[in-house]
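Here is the naming used below: chain letters follow the sequence lines, and residue numbers restart at 1 for every chain.
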Amino acid sequence: MSKNEGFKVSRRDDGNLTIVYPQGFLDAHTAPDFETELQKAIEGGRVHIIVNCKDLDYISSAGLGVFMGCIEQVRDLGGDIKISNLAPKVFHVFELLGFHQLYDLTPTEEDAAGKFSA
Amino acid sequence: MEHVQQTFKLSVPSDTVNLAVIRDFVEMAARRSPIGDGEMERLKIAVDEACANVIEHAYNNDATRELTVHVWFDTAQIEVDVIDSGNRFDPSTHRALELKDLVGHKGGMGIRLMRLGTDELEVDVDDDGHNRLRLIKRLSS
């Protein structure tokens, strides 16, 4: 069995945007993989980040903590993290905790990209 | 009203890899009750958070220890007991901080999700001297 069966994360760079795609179940077991991918982007100077959650099936506080842990660093470097394509039940968790007050949550990746150029 | 009472029990090694197993177990058991989809999702997250706390705080990530989850329900409510024999951890003594106060921090949201997903949290010691966190979710009639 692979270390993190049930979760994968991939990344794509497009101009000055970096799009991160978490897939599956993001919990205390899998959050370190997600954090590593985000940190790799940030340390490479990629701070205009969209996290496209179209294939994210579940998130717990450990996954949410990854967003909270690095947002200050990203914004201090002049960037931002925008979150798109949340499935309704995952969106509900972000909303319950009030993430919409701190982050742009957009219906599509294109909407998130538009927020960076606005 | 039909009278239904059922109990389910799962014991797993205290390893975060088993959080997925626990979530599946809670869903499988609770689906036999009249719980709605939204309540189910919130309960599952609350149990996930409770178990992640046990693994991290009660057992200090020692995967050789054992974590037990009981799911019990009748027509009025679901109770989920999370049982461990590690360091005592009482979520009711931890203040749930506002999100804006957690910027720059990875932790602090688990307690909030436990409270949002349940109607009541009780902490006590069971008959065998183990720590027991009971998460209670009342079922909408």
Side-chain angles (χ1 to χ4, degrees), chain A residues 1-8 23-36 38-39 42 56-77 80-81 83 86-105, chain B residues 12-24 26-27 35-61 63 67 82 91 94 96-118:
Chain A
M1 186 164 82
S2 69
K3 180 178 176 286
N4 285 338
E5 191 177 4
F7 182 76
K8 286 182 194 162
Q23 181 183 337
F25 298 83
L26 186 47
D27 63 10
H29 187 65
T30 59
D33 286 1
F34 180 50
E35 183 175 19
T36 299
L38 274 184
Q39 279 300 335
I42 296 164
L56 185 64
D57 296 311
Y58 176 84
I59 192 164
S60 72
S61 70
L64 295 162
V66 175
F67 288 98
M68 293 299 285
C70 64
I71 189 62
E72 201 168 29
Q73 180 190 8
V74 167
R75 286 179 180 164
D76 285 349
L77 291 167
D80 199 10
I81 298 175
I83 304 164
L86 290 163
K89 71 178 181 186
V90 181
F91 177 82
H92 180 67
V93 180
F94 280 84
E95 194 181 33
L96 265 180
L97 289 172
F99 266 65
H100 54 291
Q101 294 164 18
L102 289 179
Y103 297 82
D104 283 320
L105 307 180
Chain B
V12 291
S14 169
D15 188 320
T16 54
V17 74
N18 289 322
L19 291 170
V21 176
I22 293 167
R23 291 194 302 269
D24 287 348
V26 169
E27 176 155 9
I35 194 169
D37 287 346
E39 291 176 317
M40 165 69 82
E41 283 305 314
R42 288 191 290 276
L43 177 65
K44 236 171 30 174
I45 293 176
V47 176
D48 180 321
E49 300 294 346
C51 294
N53 273 335
V54 166
I55 293 167
E56 184 180 354
H57 299 293
Y59 287 144
N60 296 316
N61 295 301
L67 171 61
V82 176
H94 289 253
L97 295 171
E98 293 297 315
L99 194 66
K100 63 181 171 48
D101 298 322
L102 295 172
V103 171
H105 301 276
K106 288 195 278 184
M109 286 171 285
I111 303 286
R112 204 135 181 250
L113 285 171
M114 284 167 63
R115 290 186 180 151
L116 287 166
T118 57

Name the atoms and distances for all side-chain donor-acceptor pairs under 3.5 Å in residues 97-109 of chain B, with sequence neighbours left out.
{"from": "B:K106", "atom 1": "NZ", "to": "A:E35", "atom 2": "OE1", "distance (Å)": "3.2"}
{"from": "B:K106", "atom 1": "NZ", "to": "A:E35", "atom 2": "OE2", "distance (Å)": "3.1"}

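- Atoms OG and CG, from A:S61 and B:L113 in turn, are 6.0 Å apart once rounded to the nearest 0.5 Å.
- Between B:L116 and A:L97 the shortest side-chain heavy-atom distance falls below 4.5 Å.
- Using a 4.5 Å cut-off between heavy atoms, A:I71 contacts chain B through its side chain alone, with no backbone atom that close.
- Nearest heavy-atom pair, A:D27 versus B:A20, reported as atom, atom and distance to 0.1 Å: OD2-N, 4.3 Å.
- With sequence neighbours left out, the salt bridge (Lys or Arg N to Asp or Glu O under 4.0 Å) criterion links B:R42 to no other residue.
- No part of A:F67 comes within reach of chain B, as not one of its non-hydrogen atoms sits under 4.5 angstrom from that chain.
- Other residues, nucleotides and ligands contribute at most 12 non-hydrogen atoms within 6.0 Å of the CG atom of B:D37.
- One finds the CD1 atom of B:I45 at 8.0 Å from the CG atom of A:L64 (value rounded to the nearest 0.5 Å).
- Interface summary for chain A: among B:L19, B:D48, B:I55, the most heavy-atom pairs under 4.5 angstrom belong to B:D48.
- Taken from NE2 in A:H29 to CG in B:N18, the straight-line distance is 9.0 Å, to the nearest 0.5 Å.
- From A:F25, atom CZ reaches atom CG of B:D24 across 7.0 Å, with rounding to the nearest 0.5 Å.
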